[in-house]
Amino acid sequence: NTISYKIFSRILDILFALLILLIFSPFLVVAALFIKLEDRGPIFYTHQRIGKKGKNFKLYKLRSMIINADKNGKEWTEKNDSRITKIGKTIRKIHIDEIPQLINILRGEMTLVGPRPEIPTFAEKLEKEIPHYNLRHIITPGFTGWAQIKFRNARGVAESKEKFEYDLYYIKNRNIFMDLGIIIRTIVIVFTHDA
């Protein structure tokens, strides 16, 4: 990829991240208050994800699950997962829980558009099951991506394999116009819940 694409992408990352944080800050404060009131647990949830070149980083989200939801180890989220709290269902539906990941973007650990960063234990399993799965890690992971707008959240190996094909398509064909299209489509999905 060209240097100009990388520079433009980084500028876009910073501008969008700051703008979205500014716009959504009142909603984040309200959501944080309800999370704390529901069960007195932590507001934020951090967990390890795999970044560019396989380097791990700590991803930030608003907590939408019960305290110690991962006590039995990391599990794929089910459609009507009993671990999701009442406020968690709401903030997931309107995608507010994802906003703190903009901090990861500002830190350079993520970008606006790219393959979603995977949980290390899941990635280890998927790399054994899916040929060339580690190719997802040759670029910076994204807040949103081609697979996000074209597929859905994978809930197992079979769906992860299908989703991986969308990631490969993006890695091969990415350009600034494609990125802008994905960002616009993501905004539409967030405000219409067309997902």
Side-chain angles (χ1 to χ4, degrees), residues 16-51 56-107 109-126 141-145 147-160 162-163 182-183 185-195:
F16 259 86
L18 291 173
L19 180 64
I20 295 168
L21 280 171
L22 183 66
I23 292 169
F24 282 90
S25 55
F27 301 100
L28 288 171
V29 171
V30 172
L33 182 64
F34 277 104
I35 290 167
K36 180 57 79 172
L37 287 173
E38 183 167 358
D39 60 11
R40 299 288 189 270
I43 293 166
F44 294 100
Y45 174 67
T46 61
H47 47 128
Q48 292 292 314
R49 292 293 175 108
I50 296 184
N56 284 16
F57 68 95
K58 194 178 287 186
L59 181 137
Y60 299 95
K61 294 179 82 171
L62 287 179
R63 184 174 61 86
S64 61
M65 288 191 171
I66 58 173
I67 302 165
N68 297 322
D70 294 326
K71 64 183 178 183
N72 298 320
K74 296 287 183 187
E75 301 172 32
W76 271 291
T77 306
E78 299 296 331
K79 190 171 184 180
N80 295 306
D81 203 308
S82 60
R83 297 173 297 164
I84 300 173
T85 61
K86 289 178 184 176
I87 184 63
K89 288 177 184 176
T90 302
I91 64 174
R92 277 174 173 247
K93 188 175 182 181
I94 58 176
H95 306 285
I96 291 287
D97 62 316
E98 308 280 357
I99 299 297
Q101 291 171 45
L102 297 170
I103 296 166
N104 294 114
I105 290 177
L106 292 173
R107 288 165 56 127
E109 297 160 332
M110 289 176 63
T111 184
L112 275 172
V113 182
R116 286 292 293 161
E118 192 57 86
I119 296 168
T121 51
F122 288 180
E124 192 177 335
K125 177 181 174 63
L126 294 171
F143 179 79
T144 185
Q148 269 55 50
I149 65 168
K150 291 292 182 180
F151 194 60
R152 59 184 177 275
N153 285 331
R155 297 191 180 99
V157 175
E159 289 186 357
S160 293
E162 191 174 346
K163 191 174 183 181
I182 291 169
I183 292 166
R185 178 63 181 144
T186 301
I187 292 168
V188 170
I189 287 169
V190 168
F191 285 103
T192 64
H193 310 304
D194 179 22

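Pro141 is linked by a side chain to side chain contact (heavy atoms under 4.5 Å, CB included) to Phe57, Met110, Pro117, counting only residues two or more places apart in sequence or in another chain. Listed by chain and number, the residues in a side chain to side chain donor-acceptor pair (under 3.5 Å) with Asp39 are Arg63 (sequence neighbours excluded). For Ile103, the side chain to side chain contact (heavy atoms under 4.5 Å, CB included) partners two or more places apart in sequence, or in a different chain, are Tyr60, Arg107. With sequence neighbours excluded, the residues satisfying salt bridge (charged side-chain N to carboxylate O under 4.0 Å, His left out) with Arg116 are Glu98. Remark: Thr85 engages no residue in a side chain to side chain donor-acceptor pair (under 3.5 Å) (not counting sequence neighbours). Considering only residues two or more places apart in sequence or on other chains, Thr144 meets the side chain to side chain contact (heavy atoms under 4.5 Å, CB included) condition with Val113, Gln148, Ile149, Ile182, Thr186.
Once rounded to the nearest 0.5 Å, the distance linking CG of Leu126 with CZ of Phe122 reads 8.5 Å. To the nearest 0.5 angstrom, Leu18 atom CG is 6.5 Å from Leu21 atom CG. Annotation: the span from Arg185 atom CZ to Lys150 atom NZ amounts to 7.5 Å, rounded to 0.5 Å. To the nearest 0.5 Å, atoms CE (Met65) and CZ (Arg92) are separated by 4.5 Å. Between atom CG of residue Asn104 and atom NZ of residue Lys61 there is a gap of 11.0 Å, rounded to the nearest 0.5 Å. Rounding to the nearest 0.5 Å places CD of Gln48 at 11.0 Å from CD1 of Ile119.
The neighbour count for Glu124 CD, taken as heavy atoms of other residues, nucleotides or ligands under 6.0 Å away, does not exceed 12.
Between Pro100 and Asp97, the closest heavy-atom pair is CD-O, 3.4 Å. The two atoms that bring Pro42 and Ile67 nearest to each other are CD-CG1, 4.4 Å, heavy atoms only.
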In residues 24-37, what donor-acceptor pairs under 3.5 Å come from side-chain atoms, sequence neighbours left out?
residue: Ser25; atom: OG; partner: Leu22; partner atom: O; Å: 3.0
residue: Lys36; atom: NZ; partner: Gly41; partner atom: O; Å: 3.0

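No side-chain heavy atom of Leu102 sits less than 4.5 Å from a side-chain heavy atom of Leu106. Phe44 is listed as a side-chain neighbour of Leu62, based on a closest heavy-atom distance under 4.5 Å. Under the 4.5 Å side-chain criterion, counting only non-hydrogen atoms from C-beta, Thr46 is not in contact with Leu59. A heavy-atom distance below 4.5 Å is not found between the side chains of His47 and Lys58.
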